[in-house]
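Comments concern the structure below.
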Amino acid sequence: MFTDPPSSPSYYELVYEVTKNIPFGRVSTYGAIADYLALGSARMVGWALHQCGNLGDGVPAHRVVNRKGELSGRVHFRTPTLMQELLEAEGVVVVDDKIKDFKEIYWHPQEMEE
DNA sequence: GTGATGACGCAGT
DNA sequence: GACTGCGCCATCA
């Protein structure tokens, strides 16, 4: 849940909170977060993380990928391979910029409330 | 105020 | 199963 709402609540702040709640070794998707926050558009999630400037604020943006399990946002990281490096460091197998067994480690924000 | 862009998703082919 | 086109909503020029 969002225990520390910002003084200026914005949807991207919510995206950060949800992203931070992604369990270690698990990954989520833009669509899942957009659906959970009822943003209406998965693009808003990607845009929100873009504003975050990727890591640096404790937001594990590398755990968020597109619906196909591809590291579509890796180019926005400090280095194109950083996203894969971080995922592999968590035990996530990445092959050709795509997450292996994606549906096995897929995590939906709804799970953190159950 | 209008047009274009974007870390995407889904329906149709 | 893979590719294409359209739609989503907010921000920037």
Side-chain angles (χ1 to χ4, degrees):
Chain A
M1 217 23 189
F2 320 123
T3 56
D4 184 29
S7 57
S8 301
S10 299
Y11 63 88
Y12 63 81
E13 294 288 350
L14 300 177
V15 173
Y16 296 167
E17 293 300 312
V18 174
T19 304
K20 290 178 187 175
N21 278 285
I22 298 176
F24 184 91
R26 301 292 291 282
V27 296
S28 189
T29 68
Y30 303 101
I33 297 173
D35 179 64
Y36 178 75
L37 297 177
L39 297 179
S41 297
R43 283 191 159 166
M44 300 300 91
V45 179
W47 182 87
L49 291 173
H50 177 204
Q51 298 308 303
C52 179
N54 75 73
L55 302 184
D57 293 332
V59 181
H62 60 277
R63 292 178 185 162
V64 184
V65 297
N66 64 4
R67 189 185 105 61
K68 296 176 292 187
E70 298 175 321
L71 283 55
S72 58
R74 67 189 170 167
V75 297
H76 290 272
F77 281 73
R78 291 176 296 183
T79 63
T81 58
L82 179 61
M83 192 172 186
Q84 180 175 332
E85 294 293 317
L86 292 172
L87 287 172
E88 292 182 331
E90 298 185 358
V92 178
V93 179
V94 179
V95 179
D96 189 32
D97 297 326
K98 289 191 284 279
I99 297 176
K100 185 178 180 59
D101 298 325
F102 173 61
K103 58 197 252 182
E104 297 298 321
I105 61 176
Y106 172 75
W107 177 86
H108 192 284
Q110 188 67 40
E111 292 184 27
M112 73 178 168
E113 293 189 346
E114 297 177 346

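Order of the sequence lines fixes the chain letters, A, B, ..., with proteins taken first and strands second; residue numbering starts at 1 for each chain. Keep in mind it's a predicted model, so treat the numbers as computed, not measured.
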Report summary line: The residue, A/Arg67 or A/Val45, whose nearest nucleotide of DNA chain B is more 5′ is A/Val45
Query raised in the report: Considering only side-chain heavy atoms of A/Leu49, which listed nucleotide, C/dC9, B/dC10, B/dA7, is closest?
Result: B/dA7
Query - From CD1 (A/Ile22) to CD1 (A/Ile33), nearest 0.5 Å - result: 5.0 Å
Report summary line: Of the listed B/dA7, B/dG9, C/dC9, the closest approach to the A/Ala42 side chain comes from B/dG9
Report summary line: Among C/dA10, C/dT11, B/dG9, the one nearest any side-chain atom of A/Tyr30 is B/dG9
**Report entry** Out of B/dG9, C/dC8, B/dA7, whichever nucleotide has its closest atom nearest the side chain of A/Ser41
**Finding:** C/dC8
Query raised in the report: What is the distance, rounded to the nearest whole Å, between atom CZ of A/Arg63 and atom C1' of B/dA7?
Result: 17 Å
Query - Minimum-distance nucleotide to A/Met83 side chain [options: C/dC8, B/dG9, B/dA7] - result: B/dA7
Report task. Just compare B/dA7, C/dA10, B/dG9 and give me whichever is closest to any side-chain atom of A/Met44. Result -> C/dA10
Requested in this report: Kindly determine whether A/Lys68 and A/Lys98 satisfy side chain to side chain contact (heavy atoms under 4.5 Å, CB included), including the steps that lead there.
Outcome: CA-CA 8 Å; A/Lys68 296 176 292 187; A/Lys98 289 191 284 279; over 6 Å; no
Query - Whether over 12 other heavy atoms sit under 6.0 Å from A/Arg26 CZ - result: yes
Report summary line: Rounded to whole Å, NZ of A/Lys68 lies from P of B/dC10 at a distance of 12 Å
Report task. Could you tell me the separation between the CG atom of A/Leu39 and the P atom of C/dA10, rounded to a whole number of Å? Result -> 9 Å
Query raised in the report: Which residue, A/Val18, A/Leu14, A/Leu37, forms the side chain to side chain contact (heavy atoms under 4.5 Å, CB included) with A/Pro109?
Result: A/Val18
Query raised in the report: Between C/dC9, B/dA7, C/dA10, which nucleotide has the shortest distance from any of its atoms to the side chain of A/Trp47?
Result: C/dA10
Requested in this report: Please state how far atom CG in A/Asn66 lies from atom C1' in B/dG6, giving the value in whole angstrom units.
Outcome: 14 Å
Query - Whole-Å distance separating the CD1 atom of A/Ile33 from the C1' atom of C/dA10 - result: 17 Å
Report task. Could you check how far CD of A/Glu70 sits from C1' of C/dA2, rounded to whole Å? Result -> 12 Å
Report task. Enter the distance from A/Asp35:CG to A/His108:NE2 here, rounded to the nearest 0.5 Å. Result -> 4.5 Å
Query raised in the report: How many Å lie between CD1 on A/Ile99 and C1' on B/dA7, as a whole number?
Result: 13 Å
Report summary line: In whole angstroms, the gap separating P of B/dA7 from NZ of A/Lys98 amounts to 19 Å
